[in-house]
Amino acid sequence: MVGAGQLARMTHRAAVDLAVRLDVLAATDSDPAVLVGAPHRIGDPLDESAVVVFADGCDVITLDHELVSNEALQRIQRGGIPVVPDPMALRFAQDKLFARSELHARGYPVPPFARVDAVADVEAFATEHGWPVVLKVSTMGYDGRGVEIVAGTEEAAAVLNRGGIWVAEEMLDLECELAVLVARRPSGDSVTYPVVETVQRDGICRELVMPARVSESLQRDAVDLATEVVTAIGAAGIVAVEMFVTTGGELLINEFAMRPHNSGHATIEGAVTSQFHNHLRAVLDWPLGSTSLVAPAVAMVNVLGTGAESAAMRNLPAALEVEGASIHLYGKEERLGRKIGHVTVLGTDPDEALARARNAVEILGGFQ
Ligand code: ADP
């Protein structure tokens, strides 16, 4: 697995269950997966030769994040080692302009967008779609970094001056945001998890509920759309399809993650087979496991760093008092706003499960 963050750490746990050896390419020897003993090599995922050298001796290569040299993955694949997801499919997760353009051309619903190279392009887009405009950097953005809402030309100019390729997007009125996790084998079989309702703040996923509190027909549409598009672009492993539901009732594809995803963390306790187990099974082209939920309602809240050193670790015993709270900490430095863990609660009522998970997170942060 290229990358050794919390996703690799939780995939490592699944690998232990299945007696699969999971080596990781880590940025540092204090990366979350390295801290729990995953065999590792240190290297930069954007350095083509580091990734190619890492792959030597592996049976298959997969990812913990998408900020990886696509050229390296293509070279590895040409050398006879399978890469899951396929590097061509991975472009849909690495390059927003490519993904938007290609999906639009193939008739899939995406937000109105345009490539903008100059302020005049943003103005022209705003004339048609109104201010404010959402500007997104085409590559290398994550967790809202590289997403800017600009109210006018001056702000737009400041953003474009940073360099890089930018995509303008209509600022949508969102009813809610959904994510559908698909696990797909390279040979074609796929399963989907119940639709997840995600809540973002400042571009970061803060909490989620599964199944989503939307109509059954919308859930069906979301699952059908996700399955169809993942199959069409030939992605495999776990693929998270993030979607917008507008106040007008439109279902639009926002973006893909081609690896275990934050929106699927609640599957560890909440589903028969966790996303991490199904990712390994899919990557190895093994039979996939049941995605059924084991409770009527599953809620998850992310733990973000407060900036106070080791606050979550100090407060952990107190948070463990919260009935039914499954607490996961990733062993990361607790920098302000950084995802350092998550809490899952199963229940019969989504609001009640969410309230308990929030409570545990507040205690971890020292706010209670
Ligand atoms: P990232 O790749 O950093 O996760 P996203 O494109 O998913 O960035 O945007 C992050 C969040 O910003 C979304 O989850 C959503 O809440 C908000 N957002 C993004 N695009 C739009 C849009 N066109 N209209 C309204 N909100 C948006």
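Atoms within a ligand are numbered from 1 in the order they appear, just like the ligands themselves. Just so we're clear, the structure is a prediction, and the values are computed from it rather than from any experiment.
At the shortest separation from atom 27 (C) of ligand 1 among protein heavy atoms lies F244 CZ, 4.0 Å. Nearest protein neighbour of atom 19 (C) of ligand 1, counting heavy atoms only, is K136 NZ, 3.4 Å. Scanning all protein heavy atoms for the shortest distance to atom 3 (O) of ligand 1 gives G144 N, 2.6 Å. Protein heavy atom at the shortest distance from atom 24 (N) of ligand 1 is L172 N, 3.0 Å. Nearest protein heavy-atom contact of atom 11 (C) of ligand 1 is G203 CA, 4.0 Å. The nearest heavy-atom contact from the protein to atom 26 (N) of ligand 1 is L174 CD1, 3.8 Å. Among protein heavy atoms, the minimum distance from atom 4 (O) of ligand 1 is reached at E255 OE2, 2.9 Å.
Here the side chain of D202 pairs no donor or acceptor atom with the backbone of I204 at under 3.5 angstrom.
Atoms of ligand 1 found under 4.0 Å from any heavy atom of E177 (numbered from 1 in listed order, with element): 13 (C), 14 (O), 15 (C), 16 (O). Every atom of ligand 1 with a heavy atom of E170 under 4.0 Å away is listed here by number and element: 22 (C), 23 (N), 24 (N). Near K96, with a cut-off below 4.0 Å to any heavy atom, the atoms of ligand 1 are 1 (P), 2 (O), 6 (O), 8 (O). Close contacts between ligand 1 and E169 involve ligand atoms 20 (N), 21 (C), 22 (C), 23 (N) [criterion: under 4.0 Å to a heavy atom].
Enclosure of atom CG in D173 is not indicated, since only 12 or fewer non-hydrogen atoms of other residues, nucleotides or ligands lie within 6.0 angstrom. Surrounding CD of E309 are at most 12 heavy atoms belonging to other residues, nucleotides or ligands under 6.0 Å away.
Contacts between V147 and ligand 1, counted as non-hydrogen atom pairs separated by less than 4.0 Å, involve the side chain only.
When only modelled atom types and interatomic distance are considered, D17 and H277 share a side-chain donor-acceptor pair under 3.5 Å. Side-chain contact of N278 with T273: a donor-acceptor pair under 3.5 Å is absent, judged by distance alone. A side-chain donor-acceptor contact under 3.5 Å links S49 and D47. Side-chain contact, N302 with E207: no donor N or O sits under 3.5 Å from an acceptor N or O. In summary, the side chains of Q6 and K332 do present a donor paired with an acceptor at a separation below 3.5 Å, with no hydrogens or angles considered.
Within a 4.0 Å radius of atom 15 (C) of ligand 1, the protein has at least one heavy atom.
One hydrophobic cluster, built from ILVMFWY side chains closer than 4.5 Å, cannot hold both M210 and I268; they sit in different ones.
When only interatomic distances are considered, the shortest N/O to N/O separation between P111 and ligand 1 does not fall below 3.5 Å.
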